[in-house]
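I'd like to ask some things about the structure below.
Proteins get letters first, then strands, A, B, ... in listed order; numbering begins at 1 in each.
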There are 2 protein chains.
Amino acid sequence: MQSKADGTVGKALAVLELVAGFERPVRFSELQGSSDYPKATLYRLLQTLTKQRMLSYDPDSGTYTLGVRLVCLAHAAWKTSSLAPIARPYMDKLSEKTGETVHLAQLDHAQVIYVDKRNASQPLPMYSEAGKVGPAYCTGVGKAMMAYLPEDQLTDVLVQQSWHRFTDGTLTNEAALRAELVAIRERGHAYDREEHEPGIICVAVPIRNDSGRVLGALSITSSTLRSSLDKLDSFVPLIRDTTNQIARETQNWRFPETKSIA
Amino acid sequence: MQSKADGTVGKALAVLELVAGFERPVRFSELQGSSDYPKATLYRLLQTLTKQRMLSYDPDSGTYTLGVRLVCLAHAAWKTSSLAPIARPYMDKLSEKTGETVHLAQLDHAQVIYVDKRNASQPLPMYSEAGKVGPAYCTGVGKAMMAYLPEDQLTDVLVQQSWHRFTDGTLTNEAALRAELVAIRERGHAYDREEHEPGIICVAVPIRNDSGRVLGALSITSSTLRSSLDKLDSFVPLIRDTTNQIARETQNWRFPETKSIA
DNA sequence: CATTTTAGTTTCATATAGTGGAACCGCATT
DNA sequence: AATGCGGTTCCACTATATGAAACTAAAATG
């Protein structure tokens with residue numbers, strides 16, 4: 001059931017993911033049912049993870065859930081590995097100025113991961129959104145990032161796309177997407193023309209560092225009811241300005257201190 | 001440097017924690033410096049974690065950071081393992097009614113983990129707070145939860161406290177705290193009388209399920225400038241009401257569906 | 001009440017995966 | 001050309017994980 005996972009660590013993480021997949025407290029037997037691991041192996045893996053507090057076990061109901069240590073680690077991950085803490089004030093400003101929903105995403109493996117979100121109208125349930133994943137080939141942020149990927153990485157990402165047709169506008173093959181990527185590079189930003197969800201449109205601009213590497217992307221999302229691509233287009237200079245500022249700031253960030261070695 | 005970590009998984013997690021500790025991109029040699037693991041072992045561990053996307057490696061700078069997979073997993077963790085998603089609407093209401101800062105915390109190991117936070121006045125940087133840890137013995141939520149722990153778990157938690165004197169009010173030994181816990185059980189809620197930070201006070205109420213097990217705690221925090229313990233006291237019925245509602249809702253939550261087995 | 005089933009836990013000989021000292025590589029510095 | 005340093009690879013050795021099967025407790029069944 002789970003993908004190739006060499007090493008004990010890989011297996012343990014697969015189990016973690018398995019538990020995560022249930023999105024609720026889960027029994028041993030349920031896990032066994034959706035795993036190829038033999039009973040004893042799965043059991044020990046669960047024990048190990050529990051002892052390590054990556055899982056927590058509720059003796060009352062005999063169920064496992066993801067442990068708090070994970071939340072702590074993620075806290076640290078979010079603070080250091082993602083653009084989110086740097087981008088935060090800029091996103092605030094952007095959402096304030098535009099009055100639209102702002103997303104910050106990063107590319108991981110072949111998926112888009114939303115690491116932060118801002119909604120001008122109401123203070124959003126943010127944590128519940130951060131960490132969410134989406135397809136790369138049919139989202140504004142995904143395409144914006146892919147457009148500036150080096151060829152070897154791009155091919156890697158492309159083969160992993162599902163090309164599922166979410167809407168009539170969805171680009172469902174590599175050729176179509178590649179053409180789109182060229183257009184994106186020409187104009188410097190990407191659109192989502194209701195490709196993922198009907199009625200939902202967005203403009204996205206990649207965040208790239210000095211050496212051109214893609215760090216993430218910012219997008220402004222709206223609906224066809226409230227807005228239009230033309231209207232969103234007017235935000236582009238503002239977004240690009242913001243991505244540039246964020247990119248600039250990441251340069252300094254890399255080594256805030258060069259720990260003095262005694 | 002790292003604590004006892006049996007098993008490969010334990011070691012890998014220790015390395016993860018090590019990277020997390022730096023709170024910034026970190027070089028191999030730096031990690032080697034703060035780890036007992038021999039070079040090759042550490043190296044392989046890092047490779048494994050990187051391949052598993054728990055770490056990400058930046059070839060430009062030759063540094064490791066925590067990977068986004070952690071953020072994804074945490075997304076799931078937050079949704080299932082913690083009280084946060086259930087408590088969310090109640091916290092909103094509570095912060096709205098009181099106009100004060102509301103914290104939701106859980107007890108893990110011997111530490112308090114803040115899993116959500118609400119601030120009535122301004123929309124808070126929430127993610128940056130969730131996952132934060134604090135000492136149990138000198139926080140309102142910590143004491144509220146400890147007060148209702150079964151004796152064996154309590155002793156376990158108590159021996160792990162640091163008893164550092166943060167302020168004049170800090171309870172710096174087990175005897176003093178145990179006396180306080182009795183008082184908390186009597187009145188049903190805990191205070192933080194500037195025990196952790198000067199000028200910061202709070203009332204906290206534990207969240208307990210039907211069988212009496214402590215699930216977490218809610219607190220309302222304020223400062224001596226804006227408020228007083230007496231003033232906070234008036235919120236107690238409201239908080240207790242909220243904790244009861246949250247506790248009730250967790251009962252249903254445990255098994256939303258019993259996955260039909262074909 | 002005895003019996004079967006189900007769910008979870010332990011055992012143990014075996015195989016695998018992890019270990020780490022040492023050698024190696026590439027690059028910057030001298 | 002030589003030295004030093006950060007990082008990577010090798011490989012004999014062994015600690016660790018493995019998983020079939022046996023076991024236990026508790027629930028379901030007759």
Side-chain angles (χ1 to χ4, degrees), chain A residues 1-19 22 24-52 54-65 211 254-255 257-262, chain B residues 1-19 22 24-52 54-65 211 254-255 257-262:
Chain A
M1 215 115 250
Q2 51 266 322
S3 53
K4 74 284 139 187
D6 45 6
T8 316
V9 176
K11 286 173 203 165
L13 290 173
V15 170
L16 214 54
E17 211 92 54
L18 188 64
V19 174
F22 277 82
R24 64 180 172 82
V26 61
R27 278 220 159 73
F28 174 81
S29 54
E30 298 181 279
L31 291 168
Q32 204 202 156
S34 25
S35 162
D36 307 334
Y37 296 130
K39 224 193 327 187
T41 302
L42 181 62
Y43 181 73
R44 252 174 307 99
L45 243 20
L46 287 168
Q47 287 219 132
T48 305
L49 288 167
T50 304
K51 196 157 55 189
Q52 296 292 335
M54 296 298 280
L55 289 177
S56 79
Y57 178 71
D58 178 353
D60 290 3
S61 58
T63 56
Y64 295 89
T65 44
S211 46
R254 311 229 128 239
F255 293 105
E257 65 187 278
T258 313
K259 208 158 225 177
S260 58
I261 300 133
Chain B
M1 214 114 250
Q2 51 265 321
S3 53
K4 74 283 138 187
D6 42 8
T8 316
V9 177
K11 286 173 205 167
L13 290 173
V15 170
L16 216 53
E17 211 92 54
L18 188 63
V19 174
F22 277 84
R24 64 180 172 82
V26 61
R27 278 223 158 75
F28 174 82
S29 54
E30 299 181 280
L31 291 168
Q32 203 200 158
S34 23
S35 161
D36 307 337
Y37 294 132
K39 228 203 310 197
T41 302
L42 181 61
Y43 181 72
R44 252 174 307 100
L45 244 18
L46 287 168
Q47 286 220 133
T48 305
L49 287 167
T50 303
K51 196 158 54 188
Q52 295 294 333
M54 295 298 279
L55 289 178
S56 80
Y57 179 71
D58 179 352
D60 292 2
S61 59
T63 55
Y64 295 90
T65 44
S211 46
R254 309 231 128 238
F255 295 105
E257 67 187 278
T258 313
K259 207 158 226 176
S260 59
I261 300 135

Smallest heavy-atom separation, A:Pro25 atom then A:Thr63 atom, equals CB-OG1, 3.5 Å
Nucleotide C:dT19, atom P - distance to OH of B:Tyr37 in whole Å = 8 Å
N or O in side chain of A:Tyr43 less than 4.0 angstrom from C:dT10 OP1/OP2 | yes
To the nearest angstrom, how far is A:Leu46 atom CG from C:dT10 atom C1'?
-> 15 Å
Would A:Arg24 and A:Glu30 count as a side chain to side chain contact (heavy atoms under 4.5 Å, CB included) if you check the C-alpha gap in whole Å, the side-chain angles of each, and the deciding distance to 0.1 Å?
-> CA-CA 11 Å; A:Arg24 64 180 172 82; A:Glu30 298 181 279; 2.9 Å; yes
Tested for side chain to side chain contact (heavy atoms under 4.5 Å, CB included) against B:Val15, the lone hit among B:Thr41, B:Thr48, B:Leu46 is B:Leu46
Of all the choices, D:dC10, D:dT18, D:dG7, which nucleotide is nearest to the side chain of B:Ala40 once you look at every atom?
->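 Looking only at heavy atoms from C-beta outward on B:Ala40, the closest nucleotide is D:dC10.
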Heavy-atom closest contact (B:Leu31 atom, B:Leu42 atom, distance) =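 Reported closest heavy-atom pair: C-CD2, 3.8 Å.
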Expressed in angstrom and rounded to an integer, what is the separation of B:Gln47 atom CD from D:dT8 atom P?
->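 B:Gln47 atom CD is separated from D:dT8 atom P by 7 Å.
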Can you find a side chain N or O atom of A:Arg27 that sits less than 4.0 Å from OP1 or OP2 on C:dA7?
-> no
Roughly, in whole Å, what's the span from CZ in B:Arg44 to C1' in D:dT9?
-> 10 Å
Which is true for A:Ser29 with a 4.0 Å heavy-atom rule: it touches a base, it touches only sugar-phosphate, or it touches nothing?
-> sugar-phosphate
Could you give the NZ-to-C1' distance, from A:Lys11 to D:dG19, as a whole number of Å?
-> 11 Å
For B:Asp58 and D:dG7, give me the distance from atom CG to atom C1', rounded to whole Å.
->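 Computing the B:Asp58:CG to D:dG7:C1' distance gives 16 Å.
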Which residue lies toward the 5' end of DNA chain C, B:Thr48 or B:Lys39, if each is placed at its nearest nucleotide?
->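 On the 5' side of the pair lies B:Thr48.
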For C:dA17, take OP1 and OP2 only and decide whether either is under 4.0 Å from a side-chain N or O of A:Thr8.
-> no
Using the side chain to side chain contact (heavy atoms under 4.5 Å, CB included) rule, take B:Asp58 and B:Thr65 through it: C-alpha gap first, then chi angles, then the decisive distance, then the call.
-> CA-CA 8 Å; B:Asp58 179 352; B:Thr65 44; over 6 Å; no
Hey, what's the ring geometry for B:Phe28 with B:Tyr43, parallel, tilted or perpendicular (30° and 60° as the breaks)?
->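 Rings of B:Phe28 and B:Tyr43: perpendicular, over 60°.
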d(CG, B:Leu45; P, C:dT19) in whole Å = 6 Å
Intermediate values then yes/no, side chain to side chain contact (heavy atoms under 4.5 Å, CB included), A:Leu18 and A:Ser34 = CA-CA 8 Å; A:Leu18 188 64; A:Ser34 25; 4.2 Å; yes
In degrees rounded to 10°, what angle is found between the helical axes fit to the five outermost pairs at each end of the helix from C:dC1-D:dG30 to C:dT30-D:dA1?
-> 30°
In whole angstrom, give the distance that lies between atom CD of B:Gln32 and atom P of D:dG7.
->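 Rounded to whole Å, this separation is 9 Å.
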